[in-house]
Amino acid sequence: MSKTLILLFHPDLNRSRANAALSTAAARLPHVEVVDMQAVCKDGGIDADREVARLLAADRIVLQFPIQWYSMPPLLKAWQDAVLTRMFYMAYESEGRLLEGKPLLVAATAGNVPEAYAPAGANRFTVDELLRPLEATAHRCGLHWQPPFLLFRADKLDDLALHGAARDYAALLETWRRDDERRYLAEAWG
């Protein structure tokens with residue numbers, strides 16, 4: 001069975017309702033591994049060997065995080081610097097090349113309403129524009145960028161809406177896995 005790896009970059013998962021609900025729903029799927037990166041990197045240290053092995057063992061990769069000040073959490077940026085720099089600039093033949101071709105999904109939560117993320121909105125830029133650095137990273141690493149899973153009003157949703165969003169996230173991950181496996185079989189059997 002193929003594997004979806006979710007790297008969860010929330011600075012304090014105990015204080016999160018949305019990211020906690022999404023990751024809990026995803027973790028119930030048999031093909032999904034959720035890694036709380038804040039817990040794994042308690043002292044801010046990133047074990048690049050472990051992270052490279054995790055990425056190479058996965059068939060699909062998800063970066064899940066809250067959008068903070070129009071960007072990703074600092075640990076995600078530090079992880080990119082430590083892991084992807086090593087894989088693609090220091091060990092391309094033995095590591096980076098092996099990661100190429102895998103699909104990458106961003107699952108992001110935002111506190112504001114969707115309308116705030118528009119040229120005329122309070123935040124002036126769309127979430128797609130704010131995620132452009134990650135899309136560029138995916139392109140540089142040869143990863144197949146997927147349309148992001150976005151959850152707005154993340155800290156304001158009631159339990160019913162949050163449950164629905166978590167269900168939608170799990171359904172997207174399951175559909176993604178099935179589609180990816182069908183595509184692989186079609187390519188293998190020509």
Side-chain angles (χ1 to χ4, degrees), residues 2-16 18-20 22-23 26-27 31-111 117 123 125-152 154 169 172-173 176-177 180:
S2 64
K3 177 177 158 186
T4 302
L5 173 66
I6 299 176
L7 300 175
L8 174 57
F9 292 91
H10 193 288
D12 187 357
L13 195 56
N14 293 326
R15 293 181 47 182
S16 169
N19 277 279
L22 295 177
S23 61
H31 60 87
V32 171
E33 175 188 2
V34 178
V35 180
D36 178 355
M37 295 303 292
Q38 196 69 38
V40 169
C41 304
K42 288 180 181 149
D43 301 324
I46 297 167
D47 182 341
D49 290 336
R50 179 186 61 215
E51 296 309 313
V52 167
R54 240 194 269 278
L55 288 173
L56 294 179
D59 297 294
R60 288 164 303 285
I61 302 161
V62 178
L63 301 176
Q64 182 182 326
F65 59 90
I67 295 174
Q68 299 178 319
W69 284 106
Y70 313 107
S71 188
M72 65 188 88
L75 181 58
L76 175 49
K77 178 62 172 117
W79 177 88
Q80 285 180 289
D81 291 345
V83 178
L84 298 180
T85 299
R86 168 185 156 165
M87 292 181 82
F88 287 90
Y89 290 100
M90 297 167 23
Y92 174 73
E93 285 301 320
S94 60
E95 295 176 359
R97 186 180 55 74
L98 302 176
L99 190 64
E100 290 177 349
K102 295 186 182 193
L104 175 71
L105 171 73
V106 166
T109 59
Y117 295 96
N123 296 320
F125 298 97
T126 67
V127 173
D128 284 341
E129 289 172 301
L130 298 176
L131 294 176
R132 194 79 67 217
L134 286 172
E135 186 176 355
T137 298
H139 175 75
R140 169 60 185 88
C141 295
L143 301 171
H144 296 289
W145 181 256
Q146 306 297 302
F149 178 88
L150 303 173
L151 180 60
F152 295 95
Y169 184 47
L172 171 70
L173 294 172
W176 189 31
R177 179 192 62 82
D180 193 43

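Counting from 1, the numbers follow the sequence of the chain as shown.
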>> Can you list everything that forms a side chain to side chain donor-acceptor pair (under 3.5 Å) with S71? Sequence neighbours excluded, please.
In response: none
> Of the non-hydrogen atoms in L151 and A18, which two are nearest, and what is the gap between them?
Replying inline: CD2-CB, 4.0 Å
>> On a heavy-atom basis, which atom in P66 and which in T109 lie closest, and how many Å separate them?
In response: CA-OG1, 3.2 Å
> Looking only at heavy atoms, which two atoms of I67 and A110 are closest? And how far apart?
Replying inline: CD1-CB, 4.5 Å
> Looking only at heavy atoms, which two atoms of P148 and D128 are closest? And how far apart?
Replying inline: CG-OD1, 4.1 Å
> Tell me the ring-ring contact (aromatic ring centres under 6.0 Å, His included) pairs involving residues 44-70, sequence neighbours left out?
Replying inline: none
>> Just to verify, what does R60 make a salt bridge (charged side-chain N to carboxylate O under 4.0 Å, His left out) with, not counting sequence neighbours?
In response: D180
>> Can you list everything that forms a side chain to side chain contact (heavy atoms under 4.5 Å, CB included) with S94? Sequence neighbours excluded, please.
In response: A91
> Which residues pass the ring-ring contact (aromatic ring centres under 6.0 Å, His included) test with W176, sequence neighbours left out?
Replying inline: none
>> According to side chain to side chain contact (heavy atoms under 4.5 Å, CB included), who are the partners of E100, at least two apart in sequence or on a separate chain?
In response: F88, Y92, R97
>> If we ignore hydrogens and angles and just use 3.5 Å, is the side chain of K3 paired with the main-chain N or O of E33 as donor and acceptor?
In response: no
> Looking at P103 and Q146, what are the two nearest heavy atoms and their distance?
Replying inline: CB-NE2, 3.6 Å
> Side chains of L75 and P11: closer than 4.5 Å at any heavy-atom pair?
Replying inline: no
> Rounded to the nearest 0.5 Å, what separation is found between the CZ atom of F9 and the CD atom of Q68?
Replying inline: 12.5 Å
> Which value, rounded to the nearest 0.5 Å, describes the distance between Q38 atom CD and S16 atom OG?
Replying inline: 12.0 Å
> Does the side chain to side chain contact (heavy atoms under 4.5 Å, CB included) test come out yes or no for Q80 and L63, once each step is laid out?
Replying inline: CA-CA 11 Å; Q80 285 180 289; L63 301 176; 5.9 Å; no
>> Just to verify, what does A107 make a side chain to side chain contact (heavy atoms under 4.5 Å, CB included) with, not counting sequence neighbours?
In response: V62, Q64, F149, Y169
> Once you round to the nearest 0.5 Å, how far does CG of L55 lie from CD1 of I61?
Replying inline: 5.0 Å
>> Contact between M87 and V52 at the side-chain level, heavy atoms closer than 4.5 Å - yes or no?
In response: yes
> Does some side-chain heavy atom of P73 sit less than 4.5 Å from a side-chain heavy atom of H10?
Replying inline: no
> Between L105 and L172, is a side chain to side chain contact (heavy atoms under 4.5 Å, CB included) present by the stated rule, with each step listed?
Replying inline: CA-CA 10 Å; L105 171 73; L172 171 70; 4.1 Å; yes
> Taking only residues two or more places apart in sequence, or in another chain, which ones meet E95 in a side chain to side chain donor-acceptor pair (under 3.5 Å)?
Replying inline: R86
>> Quick one, L76 and L7 - any side-chain contact, counting heavy atoms below 4.5 Å?
In response: no
> Mind checking whether N123 and L130 have side chains closer than 4.5 Å, heavy atoms only?
Replying inline: no
> Which residues satisfy the side chain to side chain contact (heavy atoms under 4.5 Å, CB included) test with H139, sequence neighbours excluded?
Replying inline: none
> Among pairs that include at least one residue of residues 61-83, which meet salt bridge (Lys or Arg N to Asp or Glu O under 4.0 Å), considering only residues two or more places apart or in two chains?
Replying inline: K77-D81
> Hey, are the side chains of L5 and K102 touching, using non-hydrogen atoms and a 4.5 Å cut-off?
Replying inline: no
> Minimum heavy-atom separation for A26 to V34, with atom names?
Replying inline: CB-CG2, 4.4 Å
> Considering residues at least two apart in sequence or located in another chain, which fulfil the salt bridge (charged side-chain N to carboxylate O under 4.0 Å, His left out) criterion with E135?
Replying inline: R132
> How about L84 and W79: do any of their side-chain heavy atoms sit closer than 4.5 Å?
Replying inline: yes
> Considering only heavy atoms from C-beta outward, does the side chain of I6 approach that of S23 to under 4.5 Å?
Replying inline: no
> Considering residues at least two apart in sequence or located in another chain, which fulfil the salt bridge (charged side-chain N to carboxylate O under 4.0 Å, His left out) criterion with D47?
Replying inline: none
>> The test is side chain to side chain contact (heavy atoms under 4.5 Å, CB included); show your working for L8 and L22 and say whether it passes.
In response: CA-CA 10 Å; L8 174 57; L22 295 177; over 6 Å; no
